[in-house]
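Each chain gets a letter, A, B and so on, in the order the sequences are listed, and its residues count up from 1. Heavy atoms only: backbone and side chains are in, while hydrogens, waters and symmetry mates are out.
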Protein chains: 2
Amino acid sequence: MQLATRLVSARKKKEDRRQAILEAAARRFAEFGFEATTVRQIADDVNILSGSLYHHFATKEEMLGEAVRDAVLDQRERAQCIAALPCDAETKLVTLIREELAALAGRIEAYAIIFNERKLFRRNPDFLYLMKARKETFEAWRSVLEQGVLEGQFHARIDSYLTISAIMRMLNSGADWYRHEDGSPLDALAEYSLEALTEFYAGFVLRSVRSAERAAQPVPAAAELA
Amino acid sequence: MQLATRLVSARKKKEDRRQAILEAAARRFAEFGFEATTVRQIADDVNILSGSLYHHFATKEEMLGEAVRDAVLDQRERAQCIAALPCDAETKLVTLIREELAALAGRIEAYAIIFNERKLFRRNPDFLYLMKARKETFEAWRSVLEQGVLEGQFHARIDSYLTISAIMRMLNSGADWYRHEDGSPLDALAEYSLEALTEFYAGFVLRSVRSAERAAQPVPAAAELA
DNA sequence: GTCTATAGGAGGATAGAC
DNA sequence: GTCTATCCTCCTATAGAC
């Protein structure tokens, strides 16, 4: 085996370990909260001692940051990408909702953490870039709404701030579906398929924002992303 | 001064003290979370030592319970009362939204705590009665939706579970408006009047749930409660 | 009803052996 | 890269004086 290959393999093993710790941490943070989770619990979950965690991470907060980082940055990337598509606002809005729900389903722990620890993220300057990304995500959604108003698909007297806040809170707090009191894993997200949820939320939102004369139009399909 | 009068006045003073502690605790719990708040901080806020708190409360959790108890029980009472009004479902739904927003505005700290600590409430058997009340509130809302479907005001293919979850999450997570990162007190709730918010949410929700042929009808006013 | 004082434990994090 | 061992701080809660 060549040196380069061995180095790659070693790095991979190290990354695996890190990843396992991160997953345990994310599970705990999502289910019990950041403050309520101790480094000893995380260490127990991966069968090492708490001190050994600090070989992989400098602080508990670093674990928190890594547990949500990609989810937040991808969320912005996705929203901006969809907002920039060359299509009408309704299709964009449906696509935003579908992709957001898909991300939520695929990374429910990260989403639960982002949502539940939002006060902490806002207070701690280390997480400023996360809050910035969140804000930019919000603005991408808002631009879609405003496009729809301009082009007449959405009704003109919409308050875009309140509307997007309401929609995003409605969707994001769905991460709360993660694990019910009885320990059952996913509740609504498990009982409803992604397609069913997309249809529900897209319908719910579109009926609210559409201009009156478009009320009877069918809900468009989401755009396929490259 | 008579003995009875003096006793009443003494009790009042004691209750005042308890109340002051409770308010300090609620403020901290709402802003930083239950776990992140220490009894010392609460004690500092009311200028006593942490040990003295235990003359008024047995545990920190007792403070938590008392900080949210009335808000949750009143919420159920209110929802059941509105659901039982002798009027149409649309009016009931608008009334539910208006009264919920009014309660949210009036007791924003309690609402923020209920929302943010819901995992803790669900896990701890001491708070089972709170979870029961929350569920009954949910059922009252749901009964209104189902009345509307039966009577033809709301469209027939509604999923009442998803719909009420979405609406309640949208409204309740508004308690997050409590104090922004810059310390400004209320954000949206401060910038928008209760009437404006009621109008917004009632419109948003009604457009979504109404049957197609009622889309153009005006949004009814909320019922006045006795 | 608040104080002083402290019990008794758990928290995050570190140092150095292996 | 994990272990042993441990630091030191902070936590909730208690006991008893005033």
A/Tyr54 side-chain N/O to C/dA13 phosphate OP1/OP2 under 4.0 Å:
yes
In whole angstrom, give the distance that lies between atom CD1 of B/Ile42 and atom C1' of C/dT2.
17 Å
CZ of B/Phe32 versus P of D/dC11: gap in Å, rounded?
14 Å
In whole Å, what is the span from the CD atom of A/Glu35 to the C1' atom of C/dG11?
11 Å
Protein N or O to nucleotides 3-10 of chain C N or O, pairs below 3.5 Å:
| residue | atom | partner | partner atom | Å |
| --- | --- | --- | --- | --- |
| C/dC3 | OP2 | B/Leu49 | N | 2.7 |
| C/dC3 | OP2 | B/Ser52 | OG | 3.3 |

Check: A/Thr37/A/Arg28 side-chain N/O donor and acceptor closer than 3.5 Å
no
Can you tell me how far P of D/dC11 sits from CE of B/Met63, to the nearest Å?
13 Å
Evaluate B/Arg142 against B/Ser160 for side-chain hydrogen bond (donor to acceptor under 3.5 Å, both in side chains), listing each step before the verdict.
CA-CA 6 Å; B/Arg142 174 132 83 157; B/Ser160 70; 3.3 Å; yes
What is the distance from CZ of A/Phe57 to C1' of C/dG12, rounded to the nearest Å?
15 Å
Can you name the one residue among B/Glu117, B/Lys119, B/Glu61 that meets side chain to side chain donor-acceptor pair (under 3.5 Å) with B/Asn124?
B/Glu61
Under 4.0 Å between a side-chain N/O of A/Arg17 and OP1 or OP2 of D/dT2, yes or no?
yes
Between C1' of D/dC11 and CG of B/Asp44, the distance in whole Å
14 Å
Could you state the atom-to-atom distance from CZ of A/Arg28 to P of C/dG12 in whole Å?
12 Å
Report yes or no: do A/Ser173 and B/Ser173 form a side-chain donor-acceptor pair below 3.5 Å?
no
Determine whether the side chains of A/Glu100 and A/Gln75 contain a donor N or O and an acceptor N or O closer than 3.5 Å.
yes
Could you measure the distance from the CZ atom of A/Arg76 to the CG atom of A/Asp74? Nearest 0.5 Å is fine.
10.0 Å
Rounded to the nearest angstrom, tell me the gap between atom NE2 in A/His55 and atom P in C/dA13.
17 Å
